[in-house]
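Quick note on labels: first sequence line is chain A, next is B, and so on, each numbered from 1.
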Number of protein chains: 2
Amino acid sequence: MNDTVPWLSDDEQRSWRAFVRLHMKLSARMAADLQAHSGLSSADFEVLVALTDTAEGRVRFQDLAREIDWEQSRLSHQIRRMSKRDLVAREECEEDGRGAYVAITAHGRTAIEAAAPRHVATVRRLVLDHLTAEEFAELGRLSAKVAARIDAA
Amino acid sequence: MNDTVPWLSDDEQRSWRAFVRLHMKLSARMAADLQAHSGLSSADFEVLVALTDTAEGRVRFQDLAREIDWEQSRLSHQIRRMSKRDLVAREECEEDGRGAYVAITAHGRTAIEAAAPRHVATVRRLVLDHLTAEEFAELGRLSAKVAARIDAA
DNA sequence: TATCCCTGGTTGACAGGTCATCTATCAAGT
DNA sequence: ACTTGATAGATGACCTGTCAACCAGGGATA
């Protein structure tokens with residue numbers, strides 16, 4: 001089995017490690033910054049963004065899970081915890097007795113609106129400021145290219 | 001405060017989301033694959049790689065933590081769990097009564113040697129195969145560039 | 001309406017991570 | 001020796017994520 005899989009070359013190895021390292025540092029920093037300044041975790045933020053992206057401010061569990069690419073049960077746990085903090089609320093689903101809606105609360109809306117500007121500023125400070133517009137666009141293009149094929153691979 | 005922070009443009013937003021999305025999918029897939037085929041978590045893998053990278057197969061806690069950029073306590077917990085599974089062992093430090101070494105066990109070595117080829121294959125299948133050599137090098141270059149400045153920012 | 005399976009969502013147990021706090025040892029200065 | 005402060009690492013509480021098992025409501029079929 002070992003024979004059929006060529007190891008990474010030195011250059012490839014360097015690139016790969018840089019890539020992994022960037023993701024590690026970035027997600028750690030962004031999460032810490034968000035938590036410290038707005039009291040929201042990355043998970044909270046992601047859910048709230050998805051909710052504000054919809055017109056009605058409420059979505060079916062399934063749809064939300066698909067939208068942010070999470071497992072069902074992860075979302076279920078997360079929503080339970082967020083409910084306790086009054087960031088979102090569960091609502092019954094009239095059309096389907098099994099289903100349920102997740103709705104953003106007024107408090108949740110306040111929280112994300114307060115958090116968003118700083119979040120954007122952080123993205124700029126940690127990433128955008130260090131790249132030219134072309135470089136950042138290229139990073140996006142390459143990311144999209146790979147991401148699109150990951151599901152199939 | 002809102003006024004001083006320009007929102008992301010549509011293009012920037014697209015790039016950023018693609019970037020984040022790639023990270024999410026990739027780490028999820030790699031972790032699942034590793035776990036399923038070798039019984040190791042990403043955390044286990046990272047620790048074992050760092051240990052095999054050293055000549056003696058053992059390192060001081062501090063050095064290991066710095067090497068893989070983890071918090072002290074995270075490493076401590078992780079090593080305790082890995083010890084129970086006989087992947088690593090704690091060893092006393094003669095030079096410094098406070099210190100301790102983490103050493104890879106024979107079983108740990110076997111485990112990582114079994115896991116590595118498939119891991120590399122997965123990196124190839126999910127990422128390298130979808131990019132040209134130039135594109136991948138560029139991805140590495142951009143990652144390194146940003147990562148280098150994150151600590152200071 | 002009884003039976004079957006499918007689907008939407010929940011739950012409990014457990015691994016992983018962070019934070020604050022604790023213990024033990026070292027290294028200086030007195 | 002004796003305090004004092006810094007350093008190495010451990011620990012407990014608590015939050016997050018995964019997995020597998022579960023429960024309840026649809027929808028079809030007989």
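- Using a 4.0 Å cut-off on heavy atoms, none of the residues of residues 39-47 of chain A approach DNA chain C.
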All N/O contacts under 3.5 Å from nucleotides 24-29 of chain C to the protein, with atom names and distances to one decimal?
from: C/dC26; atom 1: OP1; to: B/Gly97; atom 2: N; distance (Å): 2.9

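- Phosphate contact (OP1/OP2 of D/dG9, side-chain N/O of B/Gln62, threshold under 4.0 Å): present.
- In this structure, B/Gln35 atom CD and C/dC14 atom C1' are separated by 12 Å, rounded to whole Å.
- A/Arg58 contributes atom CZ, which lies 13.5 Å from atom CG of A/Leu64 (distance to the nearest 0.5 angstrom).
- Counting non-hydrogen atoms of other residues, nucleotides and ligands closer than 6.0 Å to CZ of A/Arg21 gives a total of 12 or fewer.
- Rounded to a whole Å, the CZ atom of A/Arg60 is 10 Å from the C1' atom of C/dG9.
- Summarising the geometry, atom CD belonging to A/Glu138 is positioned 9.5 Å from atom OG belonging to B/Ser15; distances are rounded to the nearest 0.5 Å.
- Taking B/Thr52 as the reference, B/Ile104, B/Arg109, B/Ile112 meet the side-chain contact (heavy atoms from CB on, under 4.5 Å) condition, with sequence neighbours excluded.
- Atom pair A/Leu34:CG and D/dT16:C1' shows a separation of 15 Å (rounding to whole Å applied).
- Atom CD of B/Glu46 sits in a crowded spot, with more than 12 heavy atoms from other residues, nucleotides or ligands closer than 6.0 Å.
- In terms of heavy-atom proximity, A/Gln62 sits nearest to A/Gln72 at NE2-NE2, 3.1 Å.
- Criterion: ILVMFWY side-chain heavy atoms under 4.5 Å apart, direct or through other members. Under it, A/Leu48 and A/Met30 are not part of a common hydrophobic cluster.
- Ion pairing between A/Glu134 and A/Arg141 fails under the 4.0 Å rule for side-chain N and carboxylate O.
- Evaluation of the ring-ring contact (aromatic ring centres under 6.0 Å, His included) test over residues 102-121 of chain A, restricted to residues two or more places apart or in two chains, returns A/Phe45-A/His119.
- Atoms CZ (B/Phe61) and C1' (C/dT23) sit 15 Å apart, rounded to a whole Å.
- With respect to the salt-bridge test (charged N to carboxylate O, under 4.0 angstrom), the residues A/Asp63 and A/Arg66 qualify.
- Non-hydrogen atoms lying under 4.0 Å from DNA chain C are contributed by A/Gln72, A/Ser73, A/Ser76, A/His77, all within residues 65-87 of chain A.
- Residues satisfying the ring-ring contact (aromatic ring centres under 6.0 Å, His included) test with B/Trp16, not counting sequence neighbours, are B/Phe19.
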